[in-house]
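Written out below as structure tokens is the structure these notes cover.
Chain A is the first sequence line, chain B the second, and so forth, proteins listed ahead of strands; every chain is numbered from 1. Keep in mind it's a predicted model, so treat the numbers as computed, not measured.
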Amino acid sequence: MLVFIFRRLLVAFSVAITVSIVSFMLLHFSGDLAVSIAGPDSTAEQVEQIRIDFGLDKPVVFQYFDWVWSALQGDFGRSYYFQDSVMSLITERMPVTLTLGAVSLALATVVAIPLGVIAAIKQDTWVDRLALTIACVGQAMPSFWFALTLIVIFAVNLHWLPAGGSSTWQHFVLPAIALGYYATPAMMRLTRTGMLEVLGSDYIRTARSKGLSETSVIFKHALRNAVIPVVALAAVELGFMLGGSIVIESVFSLKGLGQLAWDAISRNDYPVVQAVVLIIAVFYIVLTLLADVLNAMLDPRLRVR
Amino acid sequence: MSESTLSLNAATSGLPVVPEWRRIMNRVVGHRGLLLGSSILGVIVVLALLAPWIAPHDPFAQNISQRMIPPVWHDKGTWDHIFGTDKLGRDYLSRLLYGARISLSIGLLAALISGLIGTTLGVLAGYFGGRVDAVISYIITTRLALPVLLVALAMASLVGGGSVETVVVLLGLLLWDRFAVVARSTTQQLREAEFIASAKVIGASTSYILIRELLPNILSALIVVMTLEMAHAILLEATLSFLGLGVQAPMPSWGLMISEGKSYMFFKPWVIAIPGITLMLLVLAINLVGDGLRDMNAPEGRN
């Protein structure tokens with residue numbers, strides 16, 4: 001198991017390095033950064049000055065090593081728009097996005113697991129079909145549109161919750177629903193298939209034949225085993241949510257990492273963009289690593305690979 | 001597979017032989033999700049194709065005196081503008097019809113590009129295994145770690161905003177991961193199959209084996225992925241356009257229509273409800289077709 005974890009860590013680390021190279025290159029080859037920063041009305045001299053000021057005249061490889069070397073020391077350079085260090089911008093915005101991610105995931109889990117269990121117990125009844133239908137429709141809904149709809153219904157018409165901002169916990173309810181619903185269908189389906197598989201297995205039949213109550217069979221014996229892959233999936237989904245929070249944060253004007261990325265992108269503030277892409281990627285890598293370890297604990301066969 | 005085994009089974013069990021296509025038709029009609037999905041999708045495709053002939057108005061024609069007319073079911077609605085008009089007085093129904101063309105063509109083209117990239121990588125990894133597999137699996141892992149939306153937005157902004165072509169290329173370059181994963185695992189399953197071995201024995205070249213022998217056998221799995229990625233691309237295009245970095249005004253992209261209606265949604269919720277529901281219907285239909293096809297591929301009687 002330790003060897004497995006060590007090997008996975010090694011892969012995770014090298015993937016993180018590769019992601020940093022790829023995101024760096026993608027931005028540098030998508031356009032001339034000096035021209036983008038200078039803006040459309042600038043003269044050729046101004047563009048040249050910016051090129052020198054930002055070190056863009058050096059070969060890209062040098063720029064990359066410069067960047068990575070300082071990034072490893074926790075310095076992502078300075079944002080040219082916010083006139084602040086990228087690191088302090090990120091640490092300032094991080095708590096909002098992490099809170100949003102955690103609340104969204106909690107909501108998704110609280111909805112998905114009970115629904116999945118009920119759908120499995122009542123397999124092929126209308127309850128099961130309804131749950132699957134909701135999952136299917138949910139996956140088709142664009143998150144920004146769902147977010148706007150939530151605002152119209154709960155903030156504007158019912159006045160139950162605020163439409164934007166991040167000062168109180170109420171501000172996180174609607175964004176968390178909008179972000180969390182996207183993870184719900186996948187988790188619900190996995191709970192359902194996991195439960196169906198476990199409920200059909202021999203040890204459940206044994207438990208039942210011992211005369212254990214149905215609740216004890218379902219919650220003590222079946223759910224415990226069916227839920228581990230769901231937890232692993234939840235970790236991966238959290239990684240996706242952090243990447244997708246850019247839309248939700250811009251709709252609800254939450255001042256988190258996504259909003260920061262959005263501001264940076266629309267102003268070609270590329271040191272910030274690079275840092276946010278890398279940080280979200282590292283979060284994802286760490287979360288999938290956790291999911292892998294969790295799955296390997298459950299299923300020893302996976303450790304061989 | 002197909003006919004020889006079918007007639008053999010039928011002969012041994014003494015059942016009448018049902019023609020293959022009838023069997024398939026029965027399963028399609030018997031599968032409610034697939035039937036519903038393909039009907040909705042079919043209607044949307046036909047409407048999109050016929051848009052120039054059936055659209056009641058020019059989707060770009062502005063008319064300041066006819067701004068924000070509500071849809072026909074509303075008290076002040078008129079039959080002249082069934083879904084009403086937007087803030088520039090453009091007919092909403094006509095824009096929706098033309099918008100369907102944008103969504104469908106971006107979804108299809110992006111899925112084709114990503115399908116080409118992903119299938120190539122996945123088949124090579126699955127067929128050759130070893131080092132090739134290790135390298136390609138690493139590439140897939142790296143791609144999965146990149147936050148798609150963030151990278152797409154950043155690149156779209158640096159490329160200088162979106163046209164339909166930019167969005168197609170960007171999404172095509174970013175959405176190949178699922179194709180690669182599925183192509184890899186299905187190829188691994190078939191690598192040792194007898195028909196591949198016999199093709200090798202008769203001296204067929206590797207490219208012949210991969211393209212003519214292997215590809216047709218993994219195609220049905222790839223088509224399922226294709227539907228999923230089409231839906232994914234359509235949602236992403238709408239998101240990019242909503243955020244202002246996808247398809248640009250005055251094009252009638254549904255995401256852009258929602259974005260333009262955003263400031264009116266408090267008093268006239270239909271301006272975002274109509275394009276939103278249309279978008280959802282399209283994605284739902286494609287997903288239903290995908291799920292249905294996946295069930296069709298599974299051995300009969302299994303779900």
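- Nearest heavy-atom pair, B:Asp291 versus A:Arg189, reported as atom, atom and distance to 0.1 Å: OD2-NH2, 3.8 Å.
- Using a distance-only test at 3.5 Å, with no hydrogens or angles considered, a donor-acceptor pair links the side chain of B:Ser157 to the main chain of A:Ile265.
- With chain B as the partner, the residue from A:Val152, A:Leu148, A:Val273, A:Ile151 showing the most heavy-atom pairs under 4.5 Å is A:Leu148.
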Where do B:Leu284 and A:Cys136 land on the side chain to side chain contact (heavy atoms under 4.5 Å, CB included) test, with the steps shown first?
-> CA-CA 7 Å; B:Leu284 181 67; A:Cys136 211; 4.1 Å; yes
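- Contact annotation for A:Leu242: neither backbone nor side-chain heavy atoms come within less than 4.5 Å of a heavy atom of chain B.
- Contacts between A:Ser14 and chain B at a heavy-atom distance below 4.5 Å involve backbone atoms as well as side-chain atoms.
- The stretch residues 274-287 of chain A places A:Val276, A:Val277, A:Ile280, A:Ala281, A:Tyr284, A:Ile285 near chain B, each with some heavy atom under 4.5 Å from a heavy atom of that chain.
- Heavy-atom pairs under 4.5 Å with chain A peak, among B:Leu288, B:Leu282, B:Thr239, at B:Thr239.
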Pairs under 3.5 angstrom only: tabulate donor-acceptor contacts from the side chains of residues 256-279 of chain B to other protein residues two or more places apart or in another chain.
unit_1	atom_1	unit_2	atom_2	d
B:Ser259	OG	B:Phe242	O	3.4
B:Thr278	OG1	B:Ile274	O	2.5

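- None of A:Thr18, A:Val19, A:Val15, A:Thr288 except one satisfies the side chain to side chain contact (heavy atoms under 4.5 Å, CB included) rule with B:Thr141; the exception is A:Val15.
- With a 4.5 angstrom heavy-atom cutoff, A:Val137 touches chain B via backbone and side-chain atoms both.
- For the pair B:Pro147/A:Ile246, no side-chain contact is recorded, criterion being any heavy-atom separation below 4.5 Å from C-beta on.
- For chain A, the nearby parts of B:Ala238 are the backbone and the side chain; heavy atoms of each come within less than 4.5 Å.
- Residue B:Leu245 holds its CG atom at 7.5 Å from OG of A:Ser266, rounded to the nearest 0.5 Å.
- For B:Ile140, the side-chain contact (heavy atoms from CB on, under 4.5 Å) partners are B:Ile136, B:Leu144, B:Trp176, B:Ala180, B:Val181, not counting sequence neighbours.
- For chain B, the option among A:Ala264, A:Ser143, A:Gly258, A:Pro142 with the highest count of heavy-atom pairs below 4.5 Å is A:Pro142.
- Proximity to chain A is limited to the side chain of B:Leu149, based on heavy atoms less than 4.5 angstrom apart.
- A 6.0 Å sphere centred on CH2 of B:Trp73 holds more than 12 heavy atoms belonging to other residues, nucleotides or ligands.
- The salt bridge (Lys or Arg N to Asp or Glu O under 4.0 Å) test applied to B:Arg101 returns no partner, not counting sequence neighbours.
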